[in-house]
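To find a chain, count down the sequence lines: A is the first, B the second, and so on, and within it residues start at 1.
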2 protein chains.
Amino acid sequence: MHSNGAEKHAEKPNSGGGRRRPSGRVTLEDVARHAQVSTMTVSRALRDPSLVSPSVRERVQAAVAQLGYIPNRAASTLASARSKLIVVLVPSLSNAVFVETLAGVQDCVGPSGYQLLIGNTGYSPERQAELLQAYLSHAPDGFLVAGIDDSNAVRRHLAASGVPLVHMFDLTSTDEWSVGFSQRRAGYAIGKHLIARGARRPGFIAAQLDPRTMQRRAGYRRALREAGRDPGVEVLTKEPSSPALGGALLKDLLSRTPKCDAVFCCNDDLALGALFECQRLGIAVPRELAIVGFNDLPFAAVASPTITTVATPRYAVGFEAARMLLRIVDGEVPEQRRIDLGFELVVREST
Amino acid sequence: MHSNGAEKHAEKPNSGGGRRRPSGRVTLEDVARHAQVSTMTVSRALRDPSLVSPSVRERVQAAVAQLGYIPNRAASTLASARSKLIVVLVPSLSNAVFVETLAGVQDCVGPSGYQLLIGNTGYSPERQAELLQAYLSHAPDGFLVAGIDDSNAVRRHLAASGVPLVHMFDLTSTDEWSVGFSQRRAGYAIGKHLIARGARRPGFIAAQLDPRTMQRRAGYRRALREAGRDPGVEVLTKEPSSPALGGALLKDLLSRTPKCDAVFCCNDDLALGALFECQRLGIAVPRELAIVGFNDLPFAAVASPTITTVATPRYAVGFEAARMLLRIVDGEVPEQRRIDLGFELVVREST
DNA sequence: CTGAAAGCGCTTACAG
DNA sequence: CTGAAAGCGCTTACAG
């Protein structure tokens, strides 16, 4: 058998004789010629086989297989004004939370043939705005964004482009689409829990200080306030989270308030580091110090002691947000503009 | 000021009167009319400003800003046969190793304006083949793939497409491009280390069992063999890695060989779970049992005890592989076909 | 069920 | 430094 290239040249008489720009690719036209039908018919047979007769269908499929035809998305995007591309913006990929969210998105859109363009904003609103802008050139069918952007300029741009957008994690006002849960209530639940467990001097450590973290903190503080406690000592830093940082922040916290008997770590990575630091310092958890994390990452359930935390529906957030977006893209109008997926306080040995 | 849409309609006299397919988008033509030049000139001014006169440059920039012009990548891809898209295939995103590799790739290609299409193969060669095939329709300028695919059918497809591919992590034969390090030698280094530390009955636990894991194992076994030891007890499972699994595998290992005094966990997640399991079982690490992990994930340096492991150059693998690919795309021919970035055994408290 | 024409929004290849 | 023509490989909108 000849190579495809040779075969093609033999069959394509360089029609017209004008200046061509041969790409070397097998095109719809090659398939059409091979199957003895028009390009339109091949296009139909490929997009929706029920649109053509069985015999044509077979011939086209055979030609596609034999020539090794691969459709050119750029061409179909240009002609149809539909890219089958969905842009997903997340603040970080090192954070397992967003990776699972992406998995949810992927699992939802995969079957429909959509592909994902993943952007990492690095928790920066400016970067988020830049990325939204940049990705517009791909003519995506929709945007899925974790973390609200405050820039109105970008919003106007997006609105003008007409590309729909669904927010993930943040529950927005009802004039926008969003899927998430209440960070504030989750923080509140943790505060209540610590108090119920008898914590007298709870502390709070947090990193990154993104809006979601600050909402958790607000809920947590409200719980303390309602119980008649003051906010207690807090150690905050804008640095990115890591187990190492968790250990450092805990040490800092203890140096400021040695009688601290409980600590809410704004996420599980910090909690893991705090736990190891306690082991190193010989502090008994939870007897001397209770530890709470956030997210319920895989290690939380098997640490020693196991870590009390809040299980967040991150996979579901991605899946449901994608489902909502797909419906909007298809012209439907979802019943709810905001979907609250809730959360679950998982009480374990560390409190 | 009018909306862009209104302005556009006023300026565009629907030339020809033929059937148009108005997309509502601002196009190069709109910018050209606004700046009083041809579309070609606008195209040049945008791609390489030095190609046009200063005054034209300014007018074009002003028009772009005023109309909010966003180039259509589908159109430029189709016309230029260059997509500025690079496909990256990784086995998993839940594995921090590959996320850091992606970060390296991103940091390398970002400045050149390339965008990434990220595919998750889930450690499946079949899925990898499917994805390579599927992504070909985006006419990517290059492929970056972690994990070798054995399917020849796909290789032929790729070769026929002419899209260059660089392997990451696996150092391939010299007729292909690759950037990575020797998993085998890394495993060997661990074996030697455990023996040097006086381990008498070392065990091995592993999950996923991807090719890289098996190469580490092979190197590890060679070290034992050279020291005159038998391979010792091994507990292997195809399940995906997790800290929970690490604990379970360790228990399994100890039940089979209670006198085991060291364990090589094929990655840090497993090692973390094993460490916690030891704490739970009251086994002193390293006195009663030495633990070695692999990858040097962030928690390894702060665990209690800190975990001995092998630091892998995953970020650099992504960065250098991307750099190699970019050069190939630009028609250059890198001096080396395979780049070995090495690894580092990091000895800590757990051994 | 099938097809000829026109167009999507850019860039290449020429020409001046 | 600038531009008119043609083309990239598909799909839309008609027509039969």
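Note: CG (A/Leu78) to P (C/dA6) measures 18 Å, nearest angstrom. C/dT2 atom P lies 14 Å from atom CZ of A/Arg47, rounded to whole Å. Distance B/Leu28 CG to C/dT12 P: 12 Å, rounded to the nearest Å. Between A/Leu67 atom CG and D/dG9 atom C1' there is a gap of 15 Å when expressed in whole angstrom units. The separation between B/Arg33 atom CZ and C/dC10 atom P is 12 Å, rounded to whole Å. Counting to the nearest Å, the P atom of C/dC8 and the NE2 atom of A/His138 are 22 Å from each other. In this entry the distance linking CZ of B/Arg57 with P of D/dT2 reads 9 Å, nearest Å. Rounded to an integer number of Å, the gap from CZ of B/Arg25 to C1' of C/dC10 is 11 Å.
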Tell me, what's DNA chain C's dot-bracket, Watson-Crick or G-U with both distances under 3.5 Å, | for other-strand, [ ] crossing? |||.||||||||.|||
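Among the protein residues, A/Arg73 comes within range of no part of the nucleic acid, since none of its heavy atoms lies under 4.0 Å from any strand.
Among residues two or more places apart in sequence or in another chain, the salt bridge (charged side-chain N to carboxylate O under 4.0 Å, His left out) test is passed with B/Glu58 by none. Among residues two or more places apart in sequence or in another chain, the salt bridge (charged side-chain N to carboxylate O under 4.0 Å, His left out) test is passed with B/Arg338 by none. For the ring pair (Phe, Tyr, Trp, His ring centres under 6.0 Å) test, no residue two or more places apart in sequence or in another chain qualifies with B/Phe143. Residues passing the side chain to side chain contact (heavy atoms under 4.5 Å, CB included) test with B/Asp48 are B/Ser50, B/Leu51, sequence neighbours excluded.
Between A/Ser43 and the phosphate of D/dT11, there is a side-chain N or O to OP1/OP2 separation shorter than 4.0 Å. When the side-chain nitrogen and oxygen atoms of B/Ser80 are compared with OP1 and OP2 of C/dT11, none of them lie within a distance under 4.0 Å. Contact check, B/Ser38 against D/dA4: no side-chain N or O comes under 4.0 Å of OP1 or OP2.
The salt bridge (charged side-chain N to carboxylate O under 4.0 Å, His left out) analysis of residues 62-90 of chain B, with sequence neighbours excluded, yields the pairs B/Arg82-B/Asp330.
Mapping B/Ser76 and A/Arg44 onto DNA chain C by nearest heavy atom places A/Arg44 at the nucleotide closer to the 5' end. Between A/Ile70 and B/Ser53, the one whose closest nucleotide on DNA chain D sits nearer the 5' end is B/Ser53. Closest-nucleotide positions on DNA chain D for B/Ala75 and B/Met40 were compared, and the one nearer the 5' end corresponds to B/Met40.
Using modelled atom types, no side-chain atom of B/Gln115 and backbone atom of A/Ile118 make a donor-acceptor pair closer than 3.5 Å.
Nearest nucleotide to the side chain of B/Ala79, out of D/dT11, C/dC10, D/dG3: C/dC10.
A/Ile328 CD1 to A/Arg323 CZ: the interatomic distance, rounded to the nearest 0.5 Å, is 13.0 Å.
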